[in-house]
Amino acid sequence: MATCEVCGNSYGMTFEVHAQGVVHVFDCFSCAIHRMAPICEHCRVQIIGQGVEADGHWYCGAHCARSEGRVGIVDRV
Ligand SMILES: [Zn+2]
Ligand SMILES: [Zn+2]
């Protein structure tokens, strides 16, 4: 029995996500996405897919990266 770190729900089927040396505990994927998904710095959407990282900034896609002046970025699809 563990407790979701996002909503505080104590639930028998929680799961752990190990990221960058830290263990996170969630009760459902929507809580995990809420906690883990980076936010696009241009359109503020939560990045559920791969996204684009440029110079430490996260974008949902090459379009948003280019809109913020990041040149030379193409979608890795
Ligand atoms: Zn939760
Ligand atoms: Zn975006």
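Quick caveat: nothing in here was measured; it's all calculated off a predicted structure. First listed ligand is number 1; within each ligand, the first listed atom is number 1. No hydrogens, no waters, no symmetry mates; every other heavy atom, side chains included, goes into these values. Along the sequence shown, the residues carry numbers beginning at 1.
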### Task
Examine Glu5 and say whether one of its N/O/S atoms is closer to the Zn ion (ligand 1) than 2.8 Å.
no
### Query
Is Cys7 close enough that one of its N/O/S atoms sits under 2.8 Å from the Zn ion (ligand 1)?
yes
### Query
Just by distance, do the side chain of Glu53 and the backbone of Trp58 share a donor-acceptor pair under 3.5 Å?
no
### Query
How many degrees, to 10°, between Cys31 SG and Cys4 SG as seen from the Zn ion (ligand 1)?
110°
### Task
Could you pull out the atom name of the N/O/S atom in Asp27 that is nearest the Zn ion (ligand 1)?
OD1
### Task
Grab the two heavy atoms, one from Ala65 and one from Val52, that are nearest each other, plus how far apart they are.
CB-CG1, 4.4 Å
### Query
Once rounded to 10°, what is the value of the angle centred on the Zn ion (ligand 2) between Cys40 SG and Cys43 SG?
110°
### Summary
The single option from Glu16, His18, Met36 that satisfies side-chain contact (heavy atoms from CB on, under 4.5 Å) with His24 is Met36
### Query
What's the shortest heavy-atom distance between Val25 and Ala2, and which atoms?
CG1-CB, 3.8 Å
### Message
Just checking: Cys64, one of its N/O/S atoms, less than 2.8 Å away from the Zn ion (ligand 2), yes or no?
### Response
yes
### Task
Output yes if His63 passes the N/O/S-under-2.8 Å test against the Zn ion (ligand 2); output no otherwise.
no
### Query
What are the two closest non-hydrogen atoms of Asp27 and Cys7, and how far apart are they?
OD2-SG, 3.5 Å
### Query
Do the non-hydrogen side-chain atoms of Ile48 and Ile33 ever get within less than 4.5 Å of each other?
yes
